[in-house]
Amino acid sequence: MVARLGRAFFDRGTLRVARELLGARLIVREGQVERSARIVETEAYVRGDPASHAFRGPTRRNRSMFGPPGTLYVFRIHQVVCANLVTRSAEAVLLRAGAVEGREPAYASGPGRLCRALGLTIRDDGDDAARGGRVRVEARDRRPIRIVTGPRVGLRRAAERPLRFYVAGEPAVSRPRRLSVSASPSRSRGAAR
DNA sequence: CCTCGGATCAGCT
DNA sequence: GCTGATCCGAGGA
């Protein structure tokens, strides 16, 4: 049995959570069916970050970002749904890509495609993934992964901040750009790629 | 009220 | 690489 990631996991620094979510499984229950994906790409949105939806304070749209750690913040942009997991202090981690599990493994490359693959909708906004309802997250296994850090994707403001993290060698990751390699979170600093 | 532009994606050059 | 779709939220007047 795999441990669900609970409140304590999300109630930590956002960069750390963003890195440690890599390899974790995002699971969405749909009646009797469960759809899941291994998370392979994340982005951090932090306090004082002009690109963060929480930057200008709470509104109806972003109120989930001010919820407890582990809250889902789901928003829509250009008719596309994207999902975040809230950490602390109105910071959050955007889930950008995943390896979808099932009889036909597939790659969901991009936050909109990931949500679509798992059936996440705007109705999931505000749900508590740490408590584990329709949506939950399970810890990754112990196999080491190599994490790459780089600039976030698709932003006009604060685009250069290295707040994107992804698993090296994963096909689902969005168009790779400039890279700087770091080690797996539970291991010591590793060799370069 | 009006205007602006976006944490995207698909499709085209 | 670039563009357009397409619409809603945010913010200013």
Side-chain angles (χ1 to χ4, degrees), chain A residues 10 12-24 26 28 35 37-100 106-130 135 137 147-167 170-180:
Chain A
F10 296 102
R12 298 180 302 151
T14 302
L15 270 62
R16 183 159 188 183
V17 173
R19 291 161 56 92
E20 294 188 15
L21 277 173
L22 295 175
L26 177 66
V28 179
R35 282 180 276 195
R38 211 162 37 79
I39 298 166
V40 300
E41 182 181 8
T42 61
E43 278 177 1
Y45 288 84
V46 298
R47 196 168 174 80
D49 176 359
S52 170
H53 287 179
F55 183 60
R56 295 173 190 275
T59 66
R60 186 181 207 92
R61 180 202 197 199
N62 69 12
R63 62 185 170 185
S64 298
M65 280 201 71
F66 298 83
T71 299
L72 278 162
Y73 168 48
V74 182
F75 68 94
R76 196 169 32 209
I77 181 171
H78 286 78
Q79 304 304 102
V80 175
V81 166
C82 303
N84 299 253
L85 289 162
V86 173
T87 58
R88 46 155 68 141
S89 307
E91 300 188 347
V93 176
L94 173 70
L95 306 175
R96 283 201 59 90
V100 181
Y107 298 113
S109 178
R113 297 191 195 98
L114 178 61
C115 285
R116 194 175 52 179
L118 296 182
L120 282 171
T121 75
I122 200 73
R123 306 209 51 158
D124 294 305
D125 180 46
D127 280 8
D128 186 359
V135 181
V137 187
I147 296 176
V148 187
T149 302
R152 294 180 293 190
V153 173
L155 301 180
R156 282 163 61 117
R157 298 188 295 183
E160 295 309 309
R161 300 186 66 175
L163 296 177
R164 181 164 65 112
F165 306 96
Y166 59 90
V167 179
E170 281 290 342
V173 169
S174 353
R175 36 187 182 152
R177 299 192 160 180
R178 285 161 276 168
L179 316 176
S180 68

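So you know, we letter chains A, B, ... as the sequences are listed, proteins then strands, and number each from 1.
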Partner of C:dT3 under the Watson-Crick or G-U wobble criteria, both distances under 3.5 Å, comes out as B:dA10
Given side chains that start at C-beta, do those of A:E170 and A:E41 come closer than 4.5 Å, heavy atoms only? no
Could you tell me whether A:R157 contacts a base, only the sugar-phosphate backbone, or nothing, with contacts defined as non-hydrogen atoms closer than 4.0 Å? nothing
Please give, in whole Å, the distance from B:dC9 C1' to A:R76 CZ? 16 Å
Starting at NE2 of A:H78 and ending at C1' of B:dG5, how long is that distance when rounded to a whole Å? 8 Å
Quick one: CZ on A:R113 to CZ on A:R116, what's the gap to the nearest 0.5 Å? 7.5 Å
Check every strand shown and say whether A:E43 touches a base, only sugar-phosphate, or nothing at a heavy-atom separation below 4.0 Å. nothing
Nearest 0.5 Å, please: how far is CZ in A:R76 from CG in A:D125? 10.0 Å
A:F75 stacking on B:dA7: centroids under 5.5 Å, ring planes under 30°? no
Report yes if a side-chain nitrogen or oxygen of A:T59 is closer than 4.0 Å to either non-bridging phosphate oxygen (OP1 or OP2) of C:dA10; otherwise report no. yes
Using whole Å, what does the distance between atom P of nucleotide C:dG9 and atom NE2 of A:H53 come to? 12 Å
In whole angstroms, the gap separating P of B:dT8 from CZ of A:R152 amounts to 11 Å
Which residue is it: A:V86, A:V137, A:V93? I am looking for the one with a side chain to side chain contact (heavy atoms under 4.5 Å, CB included) to A:F10. A:V137
For nucleotides C:dT6 and B:dC2, find the distance between their P atoms and express it as a whole number of Å. 22 Å
Taking only side-chain nitrogens and oxygens of A:R56, does any of them come within less than 4.0 Å of OP1 or OP2 of C:dG11? yes
On the nucleotide B:dT8, are OP1 or OP2 found under 4.0 Å from the side-chain N or O atoms that A:R116 carries? no
